[in-house]
Amino acid sequence: MLGRQSMCQSRANSVVSAKYLFQASPEIQTGLHVKYPSKFGEKYSKGRARVAKRPGRIMSPVVPLAVLTTDPVSGQNAWKFNIDGNSDVEVLVTSTFSGTSFQIDIQVTNSSNALTLHWGGIRGGQNNWMLPSRRPDGTKVYKNKALRTPLAKSGSKSFIKIEVDDPAIKAIEFLIVDEPQNKWFKCNGGNFNVPLPQQETLSSNVSVPEDLVQIQAFLRWERKGKQMYTPEQEKEEYEAARAELLEEISRGITIDKIRERFAKSDDQSKAHESRSKTQKASVPEKKSKIPDDLVQIQAYIRWEKAGKPNYSPEQQLSEFEEARKDLQNELDKGSSLEEIRKKIIKGDIQSKVSKQKRRTVERIQRKKRDLMQLLNKHTAGIVEEKSFIASEAPTAIQLFSKSKEEQDGGAILNKKVFKLGDKELLALVTKPNGKTKVYLVTNFHGPLTLHWALSKNAGEWQVPPKSVLPHGSVLSVGACETAFIENYLNDSPEKVQSLEIQIDEENYVGIPFVLKSGENWIKNGGSDFYVDFSVEPKKHSKETGDGKGTAKALLVKIAELEPEAQKSFMHRFNIAADLMEWARDAGELGIAGILVWMRFMATRQLIWNKNYNVKPREISKAQDRLTDLLQNIYKRSPQHRELLRLIMSTVGRGGEGDVGQRIRDEILVIQRKNDCKGGMMEEWHQKLHNNTSPDDVVICQALIDYVKSDMDINVYWNTLNSNGITKERLLSYDRAIHSEPNFRRDQKEGLLRDLGHYLRTLKAVHSGADLESAIANCMGYKAEGEGFMVGVSINPISGLPSGYPELLEFVLDHVEDKNVEPLLEGLLEAREELRPLLLSSHDRLKDLLFLDLALDSTVRTAIERGYEELNDAGPEKIICFISLILENLVLSFDNNEDLIYCLKGWSHALNMLKSKDEHWALYAKSVLDRTRLALSSKSEHYQRVLQPSAEYLGLLLGVDEWAVSIFTEEIIRAGSAASLSSLLNRIDPVLRKTANLGSWQVISPVEVVGHVVVVDELLAVQNKSYGQPTILVAKSVKGEEEIPDGTVAVLTPDMPDVLSHVSVRARNSKVCFATCFDENILNDIRAKQGKFLCLKPISADIVYSEVKDGGWSGKSSADSRQDTGTPSLTLIQKKFCGRYAISSEEFTNEMVGAKSRNISYLKGKVPSWVGIPTSVALPFGVFEKVLSDGTNKAVAESIESLKKRLEKGDFNVLGEIRSRVLDLVAPTPLVEQLKQKMQSSGMPWPGDEGEQRWKQAWTAIKKVWASKWNERAYFSTRKVKLNHDNLCMAVLVQEIINADYAFVIHTTNPSSGDSSEIYAEVVRGLGETLVGAYPGRSLSFVSKKNDLNSPKVLGYPSKPIGLFIKRSIIFRSDSNGEDLEGYAGAGLYDSVPMDEEEKVVLDYSTDPLINDKNFCNSILSSIARAGHAIEELYGSPQDIEGVVRDGKIFVVQTRPQM
């Protein structure tokens, strides 16, 4: 145990560093030599004034600029500037009461491209820009003269929020930049100038006493976290303090009132001074002078005895006074100061202290924040690897393997590479013709012998039968020896050694072996080599084997350096540091490669230490070097931050000097002070001295648990085993641990204390994401004297938010609470407060990152612990938890816009629930579906970026295949995304029940009997033909697939739109099609694969039952369809009419398809409030005419040749045909006639904007023609035996309406067949997201034809993406097959806009269609009325497409509903 003297010395030296736990009184602080970093503390250090809570922001009066084109509306604090004709810049300024902090909101309307704000601040009386220190996320410094911040995009609007708290800044000036177009938007040729409002009531004639200014400045300094100020900042802070007081005076508060407020907080201090003076008068002088250091120690001892409570400032003063009284009593008894000092050391000072429960708040008050401030749109691009490395020649071993694989027909059972120092040994096991062959090949130099046997049970050695012995083999006791044979391969100058063993018997499961070179035995890391026959490994695709989708050259280099990295962590971390620049230059895949390597290390898939003695401080220094580099890349490459965080989570913090050396030194302290120098502790000591690792953290925790359990050895092993450390692993260390701990009970107290200290030391080096050590590194600590943490000094991080230490203290106080919701709120508040610092170039950024990682990790563990709390919870509680986890993911992920809108959606759903909105569950279900899509998208991204690297590097390093196969899955499961998915599954049935959704959405209700077949994707089997009625259970259905022949039902958990192509196809073909929302039901149906089921759709549900043998008649709906015979469908080839372009008035069935004719027919016949776009067309036969033009002879010949290959079944040529169509050249008459028709119809001619614009239009036309050879369209015509050559394609040309919403109407409800009910779906933006394969659901509703003004919403939208486009032209397919009766050809062919659509992530929480019931009812009823009017016009059910722009309905096409 520590001696009393050293304990007291330690206490004395740690009081100041622990002052956030026990804060000294102002008087004692002087004695403790607490120095403030500025004159604030020197001039005002008596008492801590409490600051009244400031009111929220208020709107400040704004003086309009003279250059405004539109005067601000009266009473509104805004400017409005017009730029570029259709766009406006709107500026809104708000300020605090003090007038020293401002928020400037800037919004640009009708913006199409990504815009950047080029800006700076203006000081009073100066013109040059200054660069404010407080900057929005993503801000970059431009040539040290200006700041550039990207504007966030939402629909057609761009916006940014700037906060200014520098009192020297009197105005903000800016320009708007369209960087891609190199276009600048100015204000009348100059800068936009926004003056920050000044409080006119502040009179310069009013003065504030300097002592009050000093106090106010001191309070500001405390609020800002007691930062170190430069003289210039100090002066600015004084002036800001003066401005705050002047503002209070302007509101009528007198100087006396201000002084009285400050004085209240000093009452306790003054009372103390008064009592002290009284005592000095009554106590003899020689006895009253008690040194402050003794008072300080006694106060600390009292605080410890009381249980280390969290004292208020008043209680702190009282406790110091009580400590002084304790010592004064000793003086009164006649003790000298020296005698008192000795008594303190022995603990003999009598004091009355009652044990107190630590006082802490039960819940923090979270700040209200704009979620858009968390927006991060950084995405990583693909970087091509250096070609000279990518084209490296294969090695001799690779060539040998390839030749044997080809020779044996690819029947590979196992393939494994072993490292022999810097050489390799490949083991290849094949099974051609039922016989097992084992090939061993190596580039090892020198004679080599295989000492081997065979195994009937894995790992055992059995002498092989003579029939399998290769030539020259020699049998020995229990084994056989066979010499390797040297040979050269034709394609390689490198020599290899190899041998082959053929095994005829089936009962052998593997081959154990070792190698012998001369007198030296070669083993596999100290163990036998073993190659398994019985388990077929995960098959690596050709792409994986080739390293496709990876930074291949980097991974090859890592594999080359792995033998060196295995020596120690010092070697591994230094090698990783050397490779970081290469990884950064390789882009996202390079960073992913390092992550995979470090993750393999962290999960013990790689050797940690091999025959190398390294000092802990050397490991720590290497860690420090690597984490410094990661920190620097994090600063410079925001697009890689998510992956960099994952790398850092696998690497400890590290640190120079004593941080690592303490591991060696302090184990000696434990052994010496607790008399435990032999046995297991000595073995562990030797292991620590040789090579410390993260395993030591687990071993230390296991020892602590063992001691706490009164030396129960089972507890020791349980802790080790649950953290992946087995007895075999302990024995595998270079300095093996053979013994178990064996402590005495009298050692318990000292061991618990000292091992607890040592655990913190180990975590400081190895566990960067450990919460307690991460907080200590950020808050700072210092220890002097003897024992643990000797001489360690870590300064607190500067610039932390005000109140941050108290927030972290709250987290630590509640980290093990059973009720986890307050803890989660505290953790997320801490992450939110930390985020601005993580986006800065802080000099201690990596410590902040490790703190954030620790907070993130604690969120996950808290959520898992809190599952029990939700067992009986209502939806409100579960939604709160979902929101908290989503917020955590938003703070962790790059490109988090979709998650932010999911979070806003849950907030809106919660508000609807609280206000008892009847649609809350229906809306929440749409948010749930979108959240699942977001998680799925993130999982797919990880799979795409990480898994190929894991598979390729795993192959190179010989990593266990099970670890490779689940690599990405385990990374996802290790984060809070898995917890979120679990909570979504928990609330899903609640929402479905509340919203009366049931477990199914039946899209095509048909009763069927069929054979169950389970597939991953409908797309993968769409061209298949099943020989018996088949019920397909498909995990993925996107919406554009064909339904395979013989299919009677498609069941899926996916959510294609009811009006998608596959949905229409199912209804037309009388195929049962339904989405199942209940995973349990779907799993039950999957389990019946191979059996016959009967499906009976009932309302919004499906009843299914197994059909036993003899109970199935062999007939189904599919058979009944076949019995009626397939209708004879014929396409009549259309001829060129002699004109390249025609106006809508000239549309006939010989020239254009039904799409064009219907649009022409509607003009002038629909109600005036329904708009019809102007149209022209390229009629039937134009494509064939262009193809026959002499200028396109080569293209025509090439297409004809490809079509012949297509007729022979070579379907791969479809893409080649499409590509050749794009090579067509436009004949001059076509260009001239199309231009004349478009201009005479009032449409803009693309060529007027330049030659490039016409090229864009011509390419779009050719893409429409080329879509005749889309795979889906081609196979669809084959299925119904249509002559594909007779399919002709007209092109309908229309001006695009920049839609707010797009819709599709079926005037007879397609799900129920109810002709009295209109069904429609609506999406934001253009309709391609509705009819194309875009994930998510649209808003759906029905409307009774006898009550069109009362639409009923069936489902809210979950589509994350909307498409928007500026004024442009669209070229629509209009074939003679799309509306052929009996053939649903609609949607098979492409419509192509001239300009590319902009993808916008949608925020439904601000969409009036969602949150404004009157607006929603108006739009939906207008859509329904338009559909009803068109149905009455045609006299038959219609399938109608249209858009909404500024509330007006436009119909772009209609056709008979199929």
Side-chain angles (χ1 to χ4, degrees), residues 362-364 366 371 814 817-829 831-832 856 858-893 898-936 938-939 972-973 975-999 1053 1055 1077-1081 1337 1355-1356 1358 1404-1405 1410:
E362 293 302 317
R363 201 165 197 141
I364 62 160
R366 295 210 62 187
L371 287 175
H814 293 270
D817 285 2
K818 186 175 181 181
N819 177 14
V820 300
E821 190 172 351
L823 170 63
L824 289 171
E825 290 175 345
L827 288 164
L828 289 167
E829 188 67 17
R831 292 198 70 193
E832 292 269 15
D856 181 13
T858 310
V859 168
R860 179 180 57 81
T861 54
I863 284 291
E864 291 172 356
R865 196 169 72 250
Y867 282 153
E868 187 178 343
E869 187 179 330
L870 299 176
N871 284 342
D872 300 316
E876 185 173 336
K877 180 92 167 179
I878 300 175
I879 291 175
C880 285
F881 267 63
I882 287 171
S883 298
L884 290 170
I885 305 178
L886 255 179
E887 183 182 356
N888 193 58
L889 291 174
V890 164
L891 290 164
S892 302
F893 284 169
D898 192 14
L899 288 173
I900 287 177
Y901 296 146
C902 289
L903 183 54
K904 293 177 75 173
W906 283 111
S907 176
H908 186 61
L910 191 58
N911 290 334
M912 291 174 71
L913 171 59
K914 290 177 179 178
S915 63
K916 295 181 171 51
D917 190 307
E918 63 179 356
H919 280 186
W920 79 266
L922 196 62
Y923 176 76
K925 181 65 171 72
S926 72
V927 182
L928 181 146
D929 292 341
R930 179 173 183 175
T931 307
R932 278 181 171 158
L933 285 172
L935 292 179
S936 175
K938 175 57 68 175
S939 175
I972 295 168
R973 288 171 60 86
S976 49
S979 301
L980 176 58
S981 181
S982 177
L983 288 185
L984 295 177
N985 291 339
R986 183 173 294 206
I987 199 173
D988 192 359
V990 176
L991 299 180
R992 284 191 277 109
K993 182 177 180 181
T994 306
N996 298 314
L997 293 176
S999 299
M1055 296 174 290
F1077 299 114
D1078 191 322
E1079 191 66 20
N1080 293 326
I1081 293 176
R1337 299 293 290 271
Y1356 286 96
S1358 60
Y1404 291 114
S1405 68
I1410 307 302

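Throughout, numbering of the chain's residues begins at 1 and tracks the sequence. Computed from a prediction, not measured in an experiment: that's the story for all the values here.
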Practice prompt. Decide yes or no on side chain to side chain contact (heavy atoms under 4.5 Å, CB included) for R992 and D1078, but give the supporting numbers first.
Written response: CA-CA 10 Å; R992 284 191 277 109; D1078 191 322; 4.1 Å; yes
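- Remark: side-chain polar atoms of T931 are paired, donor with acceptor, to backbone N or O of V927 under 3.5 angstrom.
- Rounding to the nearest 0.5 angstrom, the gap separating the CD1 atom in I885 from the SG atom in C880 is 11.5 Å.
- Across all non-hydrogen atoms, the minimal contact from A995 to L922 is CB-N, 3.9 Å.
- By the 6.0 Å contact criterion, CG on N871 is enclosed, its count of non-hydrogen atoms from other residues, nucleotides or ligands being greater than 12.
- We find the CD-SG distance between E887 and C902 to be 14.0 Å, quoted to the nearest 0.5 Å.
- At a threshold of 4.0 Å, the pair D856-R860 does not count as salt-bridged, since none of the basic side-chain nitrogens sits closer than that to a carboxylate oxygen.
- In this structure, the side chains of E1079 and N985 stay at 4.5 Å or more apart for every pair of heavy atoms.
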Item to complete: Check the pair L371 / V890 against side chain to side chain contact (heavy atoms under 4.5 Å, CB included), numbers first and verdict last.
Response: CA-CA 10 Å; L371 287 175; V890 164; over 6 Å; no
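- Across S939 and I972, no two heavy atoms sit closer than the pair OG-CD1, 3.4 Å.
- The distance from atom CG of L886 to atom CG of L828, rounded to the nearest 0.5 Å, is 10.5 Å.
- Between the side chain of R831 and the backbone N or O of L891 there is at least one donor-acceptor pair closer than 3.5 Å.
- The CZ atom of F1077 sits 6.5 Å away from the CG atom of L997 when rounded to the nearest 0.5 Å.
- For the pair N888 and I863, the minimum side-chain heavy-atom distance is 4.5 Å or more.
- Considering every non-hydrogen atom in both L991 and A921, the closest pair reads O-CB, 3.9 Å.
- Residues meeting the ring pair (Phe, Tyr, Trp, His ring centres under 6.0 Å) test with Y901, sequence neighbours left out: none.
- Side-chain polar atoms of Y1404 and H908 form no donor-acceptor pair below 3.5 angstrom.
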Item to complete: Kindly determine whether S1358 and R932 satisfy side chain to side chain contact (heavy atoms under 4.5 Å, CB included), including the steps that lead there.
Response: CA-CA 10 Å; S1358 60; R932 278 181 171 158; over 6 Å; no
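- Remark: D898 pairs with R930 by the salt bridge (Lys or Arg N to Asp or Glu O under 4.0 Å) rule, at least two apart or across chains.
- Checked options L903, L980, L928; the residue passing with I882 is L980 (criterion: side chain to side chain contact (heavy atoms under 4.5 Å, CB included)).
- With rounding to the nearest 0.5 angstrom, the CG atom of L910 is 9.5 Å from the OG atom of S915.
- Taking all atoms of both residues into account, the shortest heavy-atom contact from S976 to L889 is OG-CD2, 3.3 Å.
- No donor-acceptor pair under 3.5 Å is formed between the side chain of R363 and the backbone N or O of E825.
- Looking at L823 and D817, their side chains never come closer than 4.5 Å, going by heavy atoms from C-beta outward.
- No side-chain heavy atom of V820 sits less than 4.5 Å from a side-chain heavy atom of H814.
- A donor-acceptor contact shorter than 3.5 Å links the side chain of D917 to the backbone of H919.
- Salt-bridge check for E821 with K877: passed, with a basic side-chain N closer than 4.0 Å to an acidic carboxylate O.
- Scanning both residues, G866 and F881, for their nearest heavy atoms gives O-CE2, 4.5 Å.
- Expressed to the nearest 0.5 Å, how far CG of L884 lies from CD1 of I879 amounts to 12.0 Å.
- Taking all atoms of both residues into account, the shortest heavy-atom contact from G905 to Y923 is O-CE2, 3.3 Å.
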